[in-house]
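A note on names: the letters A, B, ... follow the listed sequences, proteins ahead of strands, and every chain is numbered from 1. Worth knowing before you read on, the calculation uses all heavy atoms, side chains too, and leaves out hydrogens, waters and symmetry mates.
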2 protein chains.
Amino acid sequence: MKRDLLLDAAEQLLAEQGTTALTLAAVATRAGVSKGGLLYHFPTKDALVKALVQRLIDEFDAAVDERADGSPGGYTRAYVDATFDIVTDRDPHRARRRWAVVAAAATASALADPLREATRRWHRRDDDTDVVTARIVRLAVDGLWEATDYAPLLFDAEECEQLRRRLVRLLEDPGDTSEVAGTAAT
Amino acid sequence: MKRDLLLDAAEQLLAEQGTTALTLAAVATRAGVSKGGLLYHFPTKDALVKALVQRLIDEFDAAVDERADGSPGGYTRAYVDATFDIVTDRDPHRARRRWAVVAAAATASALADPLREATRRWHRRDDDTDVVTARIVRLAVDGLWEATDYAPLLFDAEECEQLRRRLVRLLEDPGDTSEVAGTAAT
DNA sequence: CCAGGTGTACCGTCCGGACGGTACAGTTCC
DNA sequence: GGAACTGTACCGTCCGGACGGTACACCTGG
């Protein structure tokens, strides 16, 4: 499908040169399509960016779904595995995709709405044995993803594996989860 | 200083309307300054964005420094406190600033370079008792910051406090930190 | 069988407007 | 007296989007 080729081209441009490089002409050329052809599939530039954002969300959801086994805590474990697969991919472009697409969505506030909704969904899912630990683990892999976007090879393969093991262990054995009297702790 | 007023205006525009709203004319108007006045302080738009990025980095560094006490693990604890202060601020604009500035830096690849350097510095600092735990904790608060940028009020004050307490406890008592024979674990 | 029609996918050019940046002659305030 | 502006007028470029074609596969009715 030409549609996906166009989205690929757009992502590459974003990852390599930043959001200013995302022009209709550049995307069309990179995809080997004319400007008119691009506009046939995406009537406006906003529609293109919106599709970029949606594809990113759908792909991540699919990656998590395919790894989840339905067991308690399975969602967060799948979340961790899916993210590490992306972050430790041989192709550094794979990790930078998110950063690029997210930045493109920031060109206009409304474009990031689906992203906001997805973020809520990802982080407020509470099917785990210990909710707070699960949240921390998901936030940590999100942080890793983001940090790796800016700073490629921030951690080497060995260090990533260390992080992953510790996160999984944290999920399995959260340690002392007692709360210190909630709000009363001041 | 008018310079800081201009940076404030730029940040507000970015946070409210996205990067396309960041035009020289709009920034000048919002700051109550003429376009000529703006260009007096920042000769190009890139210089403006660069200053935005630098201020963000400097402010975070200062916030961490002022909370750090030099003790082992003090850096990461200060990192956590500084981030939570920002994320749980009454003013939601405060948390969105980073997201906004980072997005602006993504307009051209080179603008994000100082950010890459800072990210490396923040995450590769290893003055803690347990390196892996410290990394996870810093990544988690980064994740929280980022997630809160997209999805304001993702967690309420109570939940944030819960997260913070658990992260601090994790730093103080990392639990079982034994490594499962490094790479050999497969 | 085939003229005529229809929808899909795509091409290539053109235009209006916005935006970054320049230039420069004043003005205000320390 | 000069640094820190104001205000206006202007330029060149770039970019999003509109639009009028084109190629072609696939029907459809006489």
Anything under 4.0 Å to a heavy atom of chain B counts; send over the first and last such nucleotide of DNA chain C, read 5' to 3'. dC19(C) to dT22(C)

Scan residues 35-53 of chain A against DNA chain C and write down, sorted by residue number, each residue with any heavy atom closer than 4.0 Å; if none is found, say none. Gly36(A), Gly37(A), Tyr40(A), His41(A)

Salt bridge between Glu117(B) and Arg120(B), side-chain N to carboxylate O under 4.0 Å? no

Salt-bridge criterion met for Arg98(B) and Glu11(B) (N-O under 4.0 Å): no

Closest non-hydrogen atom pair, Phe84(A) against Cys160(A): CE2-O, 3.2 Å

With pairs defined as Watson-Crick or G-U wobble and both distances under 3.5 angstrom, please note down DNA chain D as a dot-bracket string, | for pairing with another strand. ||||||||||||||||||||||||||||||

Under the salt bridge (Lys or Arg N to Asp or Glu O under 4.0 Å) rule, collect the residues that match up with Arg67(B), sequence neighbours excluded. Asp85(B)

Hey, are Trp122(A) and Asp142(A) close enough side-chain-wise for a donor-acceptor pair under 3.5 Å? no

side-chain hydrogen bond (donor to acceptor under 3.5 Å, both in side chains) between Ser71(B) and Asp69(B), worked out: CA-CA 6 Å; Ser71(B) 67; Asp69(B) 55 5; 2.8 Å; yes

Tyr150(B) six-ring centre to Arg116(A) NZ/CZ under 6.0 Å and within 45° of normal: no

Taking the six-membered ring for Trp, are Tyr79(A) and Phe60(A) closer than 6.0 Å centroid to centroid? yes

On a heavy-atom basis, the closest approach of Thr76(B) and Ala134(B) is OG1-CB, 3.7 Å

Of all residues at least two apart in sequence or in a different chain, which pass the salt bridge (Lys or Arg N to Asp or Glu O under 4.0 Å) check with Arg30(A)? Glu16(A)

When you check the gap from the basic side-chain N to the acidic O, do Arg97(A) and Glu59(A) get nearer than 4.0 Å? yes

Does the pair Asp8(A) and Gln12(A) meet the rule for a side-chain hydrogen bond (donor to acceptor under 3.5 Å, both in side chains), with working shown? CA-CA 6 Å; Asp8(A) 290 343; Gln12(A) 284 168 30; 5.8 Å; no

Got a sec? Which of residues 18-26 of chain B come in under 4.0 Å of DNA chain C, heavy atoms? Leu22(B), Thr23(B), Leu24(B)

